[in-house]
Amino acid sequence: METLTFDSDDLDVTEDFLSRAYARMRIGSGSPGSHRARIHRTGIHSVSVDELALDFEMDYSVTPLGRICLCVVHEGTVRDHAFRGVEDSFGPGDVVLFAPPDLPYTGRICNARYNITMLDPALLTQVAGDAAGSRPVRLTGHRPRSAASARHLYRTIAHLRDTVLADPEMADQPLVAATAAQHLAASVLAAFPNTALDGLAADSADAHPAVLRRALAYIDDHADQPVTVADIAAAAHVTVRALQYAFRRHLDTTPLARLRLVRLAHAHHDLVAADPGTGATVTEIAARWGFHHPGRFASLYRDTYRRAPHETLAGG
């Protein structure tokens, strides 16, 4: 897990830090008074979440980040934000894509407190791309499709920041990190227009039972690893969209929901076998199998096994 904190009122120092933390950039401010900048970052492999507070007005010009860069404005404004073909301004409550990974952008931040969430573009393809990975998924709009989808994405970012990344021991669990990153990528795809929406009808022809047999076998054999939907699709020799269609049509579920149930069964087995006298805990066993939210794990466990996980651990 990665963490860093920055606090300075020197513009040159802030420019140097921002260039190292994000991408090469030039900043400038003509506003009098304080130039204090405060930044706190937490991150795991392929995903980082930063909270920034700038107590002044600042122009910025940024080279391509090479990453999906999302912005949630808490207070203040971001004005005259521009990249190729887009010019916009953002205020409190807005959730936006700052720019595609391969494009530079410019703008002006005005006494703002905001969130920057960055993720590897490859995550989008892993979650929704084709099995061969030959068609990278791209976002085709910088604003969410609707206010509801923006709220859902914001809740996903807040959960990642406040639950997963707030606990280093939890974030360092491989399955927790992989699941959290995939959940964020799926929420981004659900929120923004993207190229993964094409070709759904064509993929329905591949939704036959043999696809499910190969996919289910792969899930069973690899539940202890950081599996992506694209991994399962590749093992089943179909596109991700065809895999998802097959699961909906024949099982009325999704590949990741099935993976979650298989991991739940492994967690149940470990709870039964564990000795609480040795220090084993429900939280530790749940995290081992990718469940980073103790309350949600307990609810799913009770729905499936008709008892609380701590009762199973205690041998009840």
Taking all non-hydrogen atoms of both residues, which atom of A215 and which atom of L243 are closest, and how far apart? CB-CD1, 3.6 Å
Passes side chain to side chain contact (heavy atoms under 4.5 Å, CB included), Y305 versus H268? Steps please. CA-CA 9 Å; Y305 295 103; H268 171 69; 3.6 Å; yes
Measure the CG-CZ distance between L261 and R258 for me, rounded to the nearest 0.5 Å. 7.0 Å
Is a salt bridge present between D88 and R143, judged by a nitrogen-to-oxygen distance below 4.0 Å? yes
Please name the pair of heavy atoms, one in L271 and one in F297, separated by the smallest distance, quoted to 0.1 Å. CD1-CZ, 4.3 Å
Is any side-chain heavy atom of T163 closer than 4.5 Å to a side-chain heavy atom of M170? no
Would S29 and S31 count as a side-chain hydrogen bond (donor to acceptor under 3.5 Å, both in side chains) here? Give the steps. CA-CA 6 Å; S29 175; S31 61; 2.9 Å; yes
Taking every non-hydrogen atom, the tightest pair across S89 and D94: O-OD2, 4.3 Å
What is the distance from atom SG of C71 to atom CZ of F90, rounded to the nearest 0.5 Å? 7.0 Å
Residue pair P101 / R67, side-chain heavy-atom distance below 4.5 Å: no
Evaluate the criterion side chain to side chain contact (heavy atoms under 4.5 Å, CB included) for residue pair Y60 and R26; output intermediate values, then yes/no. CA-CA 6 Å; Y60 56 86; R26 295 178 62 86; over 6 Å; no
More than 12 heavy atoms from other groups under 6.0 Å of CZ on R79: no
Using modelled atom types only, decide if a donor and an acceptor are shared between the side chain of T140 and the backbone of P193 within a distance under 3.5 Å. yes
Determine the interplanar angle of the F56 and H35 rings, folded into 0 to 90°, and report it as parallel if under 30°, tilted if 30 to 60°, perpendicular if over 60°. perpendicular
Residue pair D224 / W289, side-chain donor-acceptor N/O under 3.5 Å: no
So does R263 have more than 12 non-hydrogen atoms from other groups sitting under 6.0 Å from CZ? yes
Correct closest heavy-atom pair for S61 and T106 would be OG-CG2, 3.7 Å
Closest non-hydrogen contact found for L175 with A223 is CD1-O, 3.7 Å
Tell me, with the steps shown, if T228 and D231 meet side-chain hydrogen bond (donor to acceptor under 3.5 Å, both in side chains). CA-CA 5 Å; T228 68; D231 293 332; 3.1 Å; yes
Linking I/L/V/M/F/W/Y whenever any side-chain heavy atoms sit under 4.5 Å apart, do Y218 and V238 land together? yes
Atom pair CD1 (I39) and OG1 (T5), whose distance is rounded to the nearest 0.5 Å: 10.0 Å
Are more than 12 heavy atoms from other residues, nucleotides or ligands located less than 6.0 Å from atom CZ of R24? no
Got a donor-acceptor contact below 3.5 angstrom from the T179 side chain to the V176 backbone? no
Would you say the side-chain atoms of E15 pair up with the backbone N or O of D12, donor to acceptor, closer than 3.5 Å? no
Say whether, by atom type as modelled, one donor and one acceptor occur between the side chain of T14 and the main chain of D10 under 3.5 angstrom. yes
Rounded to the nearest 0.5 Å, how far apart are NE2 of H293 and NE2 of H159? 5.5 Å
Taking the side chain as everything from C-beta on, heavy atoms only, tell me whether R138 gets closer than 4.5 Å to N194. no
Note, R108 side chain near M58 side chain (heavy atom, < 4.5 Å): no
Side chain to side chain contact (heavy atoms under 4.5 Å, CB included) for I27 and L11? Distances and angles first, verdict last. CA-CA 8 Å; I27 67 173; L11 279 181; 4.3 Å; yes
Below 4.5 Å, heavy atoms only, C-beta onward: do L124 and L139 meet side chain to side chain? yes
Does R41 qualify as a cation-pi partner of Y22, given the criterion of NZ or CZ under 6.0 Å from the six-membered ring centre and within 45 degrees of its axis? yes
hydrophobic_cluster_shared for F83 and V62, side chain cutoff 4.5 Å: yes
Pairwise distance CD(Q182) to CD(Q126) - rounded to 0.5 angstrom: 7.0 Å
Taking the side chain as C-beta and beyond, is there a heavy-atom pair between V227 and I232 under 4.5 Å? yes
Spatial distance of atom OG1 (T77) from atom CD (E57) [nearest 0.5 Å]: 7.5 Å
Count the heavy atoms of every other residue, nucleotide or ligand shown that sit under 6.0 Å from CD of E169, and state whether that count exceeds 12. no
Answer with yes or no whether the side chains of E51 and H74 bring together a donor and an acceptor at under 3.5 Å. yes
Worked check of side chain to side chain contact (heavy atoms under 4.5 Å, CB included) between F291 and L300: CA-CA 10 Å; F291 298 96; L300 180 61; 3.9 Å; yes
Hydrophobic clusters here meaning ILVMFWY residues chained together by side-chain heavy-atom distances under 4.5 Å, can you tell me if L97 and L65 are in one? no
Within a strict 4.5 Å, meaning less than it, do heavy atoms of the L165 and M1 side chains meet? yes
Quick check: does any side chain N or O of S149 sit under 3.5 Å from a backbone N or O of P144, one acting as donor and the other as acceptor? no
Give a yes or no on this: more than 12 heavy atoms of other residues, nucleotides or ligands lie within 6.0 Å of atom CG of D252. no
Could you see if I68 belongs to whatever hydrophobic cluster contains V96? Use Ile, Leu, Val, Met, Phe, Trp, Tyr and a side-chain cutoff under 4.5 Å. no
Assigning hydrophobic clusters by single linkage (Ile, Leu, Val, Met, Phe, Trp, Tyr; side-chain heavy-atom cutoff under 4.5 Å), is L4 placed with I44? no
Where the side chain of T156 meets the backbone of H152, is there a donor-acceptor pair that is under 3.5 Å apart? yes
Exercise: identify the closest heavy-atom pair between R145 and F192: NH2-O, 2.9 Å
Measure the shortest side-chain to side-chain distance between R151 and V95 over non-hydrogen atoms and say whether it is less than 4.5 angstrom. no
